[in-house]
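To start, the structure under review is shown below, and the notes come after it.
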Amino acid sequence: MQVLGAASLRLNAGPIDYVLIAVYFVLVLGIGALARRSVSSSLDFFLSGRSLPAWVTGLAFISANLGAVEIFGMTANGAQYGVPTVHYYWIGAIPAMVFLGLVMMPFYYGSKVRSVPEFMLRRFGKFAHLVNAISFALAQVLIAGVNLYALASVVNLLLGWPLWVSIIIAAVIVLAYTTLGGMRAAVYNEVMQFFVIVAMLVPLTLVGLKNVGGWSGLKDKINHINPGTAAAQLHSWPGTNITGISNATLSVLGIIFGLGFVLSFGYWTTNFAEVQRALSARSMSAARRTPLIGSYPKTFIVLVIFIPGMLAAVLSPELAAYKASGGTLKNGVTYNNAIELLIRDLLPNGMLGVAIAGLVAAFMAGMAANVSSFNTVFTYDIWETYVVKNKPDAYYLRVGRLITLIGCLVAILTAFIAGNFNNLMDYLQTLFSFFNAPLFATFILGMFWKRMTPLAGGIGLIMGTVSAVTVDALNRAHVLNLSNQGASFLGAIAAFVVDVVLSVLISYVSRPRPEAELTGLVWSLTPRDALRQAEVGQDAGWYRKPVVLGTGVLVLAAALSIVFW
Amino acid sequence: MSAETQAKPAGRTAGLFDLRLIIALLFTVFGLVVTITGVVAKAKDVSASGQNVGVNVNLWTGIPMLVLAALFVLWAVLRPVRLPPPTEVGTPQPDQQQ
């Protein structure tokens with residue numbers, strides 16, 4: 001049964017498809033080789049010398065996240081739950097990205113820190129810094145392995161290549177361009193990948209819609225096939241199907257506070273793999289505009305992600321049967337195969353090659369983002385801060401290149417382990433997601449409350465994470481009865497509240513840092529000019545004002561939310 | 001404002017190759033290959049798995065790809081990369097230092 005299922009997803013790739021894939025990878029490596037010439041210091045290598053224009057960092061910002069996990073995961077959500085998938089974007093990502101650009105970026109970029117953990121070090125000292133730096137570095141290198149394994153299993157499924165071949169080829173390509181060209185190569189490839197992914201998703205959506213009779217045809221089909229759940233699938237609110245909370249009001253609150261406020265704000269504003277893209281921008285204005293420019297394509301891209309998911313669940317007989325059985329049928333497909341099924345059924349040779357290149361590129365860009373943020377945090381925050389201090393810059397550039405190699409080797413190892421212990425890897429990934437919500441609470445308190453102490457920063461972080469883990473464990477032990485996603489929303493809320501309460505209590509009984517050390521890190525102690533950007537030359541013009549851009553995208557997301565209400 | 005009026009800074013900026021032209025190159029190749037495949041294919045509306053999808057996907061994706069490539073070239077020609085002023089990179093502002 002399993003073998004049959006696997007074979008049914010095999011794509012009919014022809015010579016033209018392989019030519020297109022090869023062209024793509026020649027360019028990927030070419031970018032690495034070209035970018036090498038611009039690397040002459042560690043800052044060039046880790047943050048591309050803070051020189052990139054905002055449109056490049058903005059697209060890289062969303063592309064670093066538009067990896068395979070998102071493409072497969074969110075099309076799967078679309079196939080299973082339908083329209084409520086949009087909440088991950090319009091309630092989740094967009095407000096968080098606006099908040100990052102408008103409120104938090106002035107502190108990150110203005111304080112000239114080179115990483116998010118380094119901000120932690122300067123604001124809260126070594127305890128919180130070590131907790132943050134080590135957990136982040138470890139998470140990134142292991143997730144790089146998970147990405148690598150996911151890539152290999154998709155290539156295996158679609159093209160029939162053995163797992164180890166794809167793991168090694170992909171790791172070598174990522175290693176080549178990230179060690180050669182550093183951050184600039186990673187970012188340029190992410191931007192290129194963005195356009196290839198769009199070139200895959202848009203035709204898939206349009207052809208799929210044409211075949212089902214347009215949006216109204218899709219709605220009719222879903223009403224006909226899933227009469228019981230059609231209403232929940234075709235309206236974004238109250239989203240009871242994604243939260244697993246049957247009470248409509250509580251479900252809405254769970255989405256807004258859990259997914260929207262805590263989970264997404266935590267992820268987008270403190271995850272260094274994302275923030276690093278903005279720190280590579282060439283000016284304060286460009287850094288603030290990075291998440292804002294990224295938020296516009298992010299608002300629209302969900303349309304070509306959840307709609308293909310819904311299409312796959314009606315157009316593909318296998319997936320439709322799986323869905324009709326409530327996810328119990330063992331016919332070799334799951335919701336995660338939604339995009340692969342659409343590609344197989346709808347694309348001719350030629351576009352098939354573009355689609356495969358796009359998928360593989362998405363995995364590799366995800367892995368490159370993990371690797372390039374790992375090497376930065378390892379070199380600056382662990383090696384330079386605690387192990388070998390005060391060496392010339394060229395030394396840290398060498399360390400950066402070497403640790404990139406080691407990181408890729410660990411990722412390969414992780415990928416092979418992941419193949420044997422699938423559930424363990426799932427759980428690890430969930431575990432790392434627990435770090436984000438308390439981080440956000442700690443950062444936001446720390447940025448706006450000068451009284452908050454180093455001890456409060458460290459303990460708040462640890463106990464916040466513990467509470468998120470506890471909620472997850474309770475749900476797994478069936479003490480709570482929530483869907484997986486509902487549990488992660490609740491866990492995030494718990495982590496946030498525990499972190500804030502503990503941080504406040506501990507701050508009143510421990511000693512704060514002297515105010516002189518907190519200039520540029522805390523709102524009330526920072527001269528307003530240090531948080532403002534120059535608005536001349538390439539940063540001039542009303543349409544480049546962060547507030548205008550941020551307001552614009554919020555209005556856009558609100559308008560789209562009303563359309564899909 | 002314009003790069004031409006400035007002395008050409010050495011070293012650092014030599015690597016500022018233009019990403020827009022690389023994207024244009026990629027989509028020119030993709031667009032040409034896919035469009036030609038769409039024109040010459042025997043069964044034009046049929047997917048790789050043999051399903052009739054009612055539209056020549058290669059042709060109607062290839063043409064927009066070529067348009068996208070042309071737009072990137074146009075942008076790169078109209079707004080060439082301006083070299084950053086030498087003081088902007090790598091030197092922290094004095095007022096940021098403690």
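Naming: A, B, ... by sequence-line order, numbering from 1 per chain. If you're wondering where the values come from, they're calculated on a predicted model, not measured in any experiment.
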Which atom pair, heavy atoms only, marks the closest approach of Asn58(B) to Asn349(A)?
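So the two residues come closest at ND2-O, 2.7 Å.
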If you count heavy-atom pairs under 4.5 Å between each of [options] and chain B, which one has the most?
{"options": "Gly208(A), Gly353(A), Gly350(A)", "value": "Gly350(A)"}
{"options": "Leu352(A), Asp17(A), Leu346(A), Val39(A)", "value": "Leu346(A)"}
{"options": "Val56(A), Val23(A), Val19(A)", "value": "Val23(A)"}

So for Ile36(B), is it side chain, backbone, both, or neither that comes closer than 4.5 Å to the heavy atoms of chain A?
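Nothing of Ile36(B), per the 4.5 Å heavy-atom cut-off to chain A.
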State which residues pass side-chain contact (heavy atoms from CB on, under 4.5 Å) with Thr61(B); sequence neighbours excluded, sorted by chain then number.
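Result, side-chain contact (heavy atoms from CB on, under 4.5 Å) vs Thr61(B): Pro203(A), Met351(A), Val57(B), Met65(B).
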Any chance you could measure Ile343(A), atom CD1, to Ser47(B), atom OG, to the nearest 0.5 Å?
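Separation between the atoms: 12.0 Å.
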Which atoms of Asp345(A) come close to chain B, meaning under 4.5 Å heavy atom to heavy atom: side chain ones, backbone ones, both, or neither?
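Backbone plus side chain of Asp345(A), per the 4.5 Å heavy-atom cut-off to chain B.
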Contacting region of Ile16(A) [heavy-atom separation from chain B under 4.5 Å]
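Answer is side chain: those atoms of Ile16(A) sit under 4.5 Å from chain B.
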Those residues of residues 22-32 of chain B, ordered by number, that approach chain A below 4.5 Å (heavy atom to heavy atom)
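Checking residues 22-32 of chain B against chain A gives Ile22(B), Ile23(B), Leu25(B), Leu26(B), Phe27(B), Val29(B), Phe30(B).
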If you check every heavy atom in residues 48-56 of chain B against those of chain A, which residues fall under 4.5 Å?
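Result: Ala48(B), Ser49(B), Gln51(B), Asn52(B), Val53(B), Gly54(B), Val55(B).
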Atom CH2 of residue position Trp55(A) - does it have more than 12 heavy atoms of other residues, nucleotides or ligands inside 6.0 Å?
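Above 12, so yes.
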Proximal to chain B - members of residues 193-201 of chain A, heavy-atom separation under 4.5 Å:
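Residues in range: Phe195(A), Val196(A), Ala199(A).
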